[in-house]
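As the structure is a computational prediction, the values presented were derived from the model and not from experiment.
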Amino acid sequence: MGMLESFDVAVIGAGHAGIEAAVASARRGCKTALFTISLDQIGNMPCNPSIGGSAKGHLVREIDALGGVMGKAADACCIQMRMLNLSKGASVHSPRAQCDRRAYHAKTKQICENTENLHIIQAEIADIQLDENHCVTGVVNAFGGVYPCKAVVICAGTFLRGKIYIGKTSMESGPDACLPARFLSQKLSEQGILLRRFKTGTPCRAHKRSIDYSVLQMQTGDENPRPFSFRSGETVWRNDIPCWIANTNENTHKVIRDNLSESPLYGGIIHAVGPRYCPSIEDKVVRFSTRERHQIFVEPTGIDCDEMYLQGFSTSLPEHVQLAMYRSVKGFEHIEIMRSAYAIEYDCINPKSLFATLGFRDFHGLYAAGQFNGTSGYEEAAAQGLIAGINASAYVLGEEELTLPRSSSYIGTLIDDLVTKGCEDPYRMMTARSEYRLSLRHSTADARLTPIGRKYRLVGDDDFSAFTNKMQHISDAVEAIAKHTVHADAAVNSYLQSVGTSEISVGQRMDSLLRRPQVTLDGLSNALGLSFSLTPDEAEEVELQIKYEQYIERQNQQNRHFSHLESVRLKHETDYQMIHGLSSEAREKLSKEQPENLAQAAKISGVSPADIAILMTWLKAGGSHA
């Protein structure tokens with residue numbers, strides 16, 4: 001083997017996880033290598049060219065608040081921006097951007113190229129070198145070249161022993177007809193890392209000219225779009241490209257049912273576990289047999305590209321069946337398929353083998369992020385990549401590693417779910433997964449996480465100054481509103497009557513009136529002749545803080561005990577067999593899972609509240625802390 005250049009941190013894979021990991025590591029002062037099988041695949045979007053969506057939009061704003069890449073890149077490449085779930089409460093409002101796929105690749109590649117300390121290398125990594133103490137010492141490419149390094153982040157996506165399926169035909173391939181990663185899986189297995197097979201899929205790409213849009217439902221962007229990035233400034237993007245909605249019908253479903261024997265999913269060819277929340281159209285038709293139709297979102301892949309992405313229509317059926325299936329849909333009668341749909345199998349790990357830092361429990365300096373950890377989605381991958389990159393660099397620099405508690409963020413919830421509960425199918429973030437979602441609104445991501453991004457040197461001086469000014473403006477306005485008394489005059493009562501709420505006969509605090517669902521800060525301020533000199537974002541946050549205050553306090557009371565449990569750390573390799581009073585099942589489960597704190601221990605099936613009380617007593621009596 002030949003010795004090549006040395007690095008502090010090596011990141012394997014340049015998808016959404018790898019980009020965040022590598023940029024974070026480099027910005028924090030570590031000499032970092034970003035390895036990719038092809039430079040043309042950096043920031044690739046092999047599935048839907050969109051960023052954000054329900055709960056996923058929260059992740060993107062949190063990534064940005066910490067100083068990550070995805071939010072600014074998505075803003076720069078956006079062709080349609082929408083805020084989802086506006087008919088519901090503010091805690092589940094989620095931004096989503098349709099992006100120009102090629103522009104996003106170019107933008108993220110440019111960010112990586114322009115990041116100091118970051119070296120981009122086209123190479124397939126075939127092995128990770130470890131010493132006798134299971135410490136990382138280097139990586140080896142497929143030609144035998146050795147790159148010495150101190151830490152590695154595996155962000156392999158769906159490339160590890162990737163295999164695509166169309167009907168009963170399969171071939172070794174990564175996504176988008178790329179070369180798969182052929183060698184690393186075997187080496188990881190030899191080093192004692194247990195791998196398993198997951199599966200995902202993607203629909204066809206159709207030519208824009210072959211769709212009859214006159215019979216489809218148009219879906220336009222928001223009139224006043226909101227950026228992902230708190231740091232985008234005056235960024236102006238296009239928001240004038242429409243998407244469209246079509247629907248399957250009984251003829252579509254008949255084509256699918258008549259050809260299920262041709263599906264590798266139902267023919268026993270694919271045994272890997274697929275995503276529960278993004279199933280193929282065959283799965284939808286079988287599992288939801290009473291549904292008369294399923295929605296298909298027809299979405300452009302870029303401004304200067306005629307490929308249309310058919311979201312919700314992924315399949316691994318043979319190409320001739322795909323053609324019949326697609327052409328059975330109203331508006332698709334003459335559809336031209338440019339890229340066939342396919343399913344892809346790949347190797348990944350059980351994330352319970354990781355700490356909440358995303359470092360491996362049994363190895364030193366080895367971290368993992370993204371679909372390699374059993375997740376699905378660009379946003380989930382990027383969130384993990386950012387944390388893994390921060391912690392890999394912290395390991396090298398001898399600094400404290402970052403663990404985000406569930407109460408802090410959706411990123412914390414995502415990682416806690418993975419490392420404590422694991423996942424039996426590709427994990428997808430949803431707002432319902434968080435017990436803290438009232439306070440984890442997408443609009444509060446900077447308040448929650450930007451100080452942490454600053455601590456880890458990912459938020460610069462100008463951005464942090466802008467952040468602190470914004471927080472001060474919001475705090476001052478909330479305080480002023482709480483002190484302001486609204487008198488029962490004609491202008492106020494006229495406004496209250498106009499929005500359908502009762503008039504007042506005596507003076508009331510302004511914040512009390514603002515808690516009424518019908519009353520808005522803008523409307524009430526106009527009625528009072530007040531001006532708070534706030535930006536639209538600041539004004540919205542002031543209003544939401546006041547309206548949500550009592551609900552959040554109630555939630556905080558319910559979760560305070562759980563937050564305390566999160567702060568009580570447990571030492572790795574604790575001998576639970578020696579703790580008197582624990583049930584035999586608790587001893588067995590705790591010994592196997594080795595939770596990092598009492599909150600994780602409390603979520604393990606078979607560990608009762610009585611067992612947690614015994615652990616707390618044991619710790620107070622001098623039991624081992626982390």
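For the residue pair Arg101 / Asn44, a side-chain donor-acceptor distance below 3.5 Å is found, with atom types taken as modelled. When only modelled atom types and interatomic distance are considered, Ser229 and Asp64 share a side-chain donor-acceptor pair under 3.5 Å. Side-chain polar atoms of Ser94 and His58 form a donor-acceptor pair below 3.5 angstrom. If you check the side chains of Asp176 and Gln41, you find no donor sitting under 3.5 Å from an acceptor. Residues Glu299 and Ser50 have side chains that never bring a donor and an acceptor to within less than 3.5 angstrom of each other. Checking Asp417 against Tyr427 by side-chain atom types alone, a donor-acceptor pair falls below 3.5 Å. Tyr410 and Glu379 share no side-chain donor-acceptor pair at under 3.5 Å. Of the N and O atoms on the side chains of Thr301 and Glu307, not one donor lies less than 3.5 Å from an acceptor on the other residue.
Residue Arg102 qualifies as open at atom CZ: its count of foreign heavy atoms under 6.0 Å is 12 or below. Within 6.0 Å of atom OH in Tyr551, 12 or fewer heavy atoms from other residues, nucleotides or ligands are found, so the atom counts as exposed in its surroundings. Within a 6.0 Å sphere centred on CG of Asp462, heavy atoms belonging to other residues, nucleotides or ligands number 12 at most.
Salt bridge status for Glu540 with Arg441: absent, with no side-chain N to carboxylate O gap under 4.0 Å.
Classified by interplanar angle (parallel below 30°, tilted 30° to 60°, perpendicular above 60°), the ring pair Tyr378/His16 is tilted.
Under the side-chain hydrogen bond (donor to acceptor under 3.5 Å, both in side chains) criterion, Asn469 pairs with no residue at all, not counting sequence neighbours. Residues satisfying the ring-ring contact (aromatic ring centres under 6.0 Å, His included) test with Phe35, not counting sequence neighbours, are Tyr147.
In this structure, His105 contributes its side chain and Ile42 its backbone to a donor-acceptor pair below 3.5 Å.
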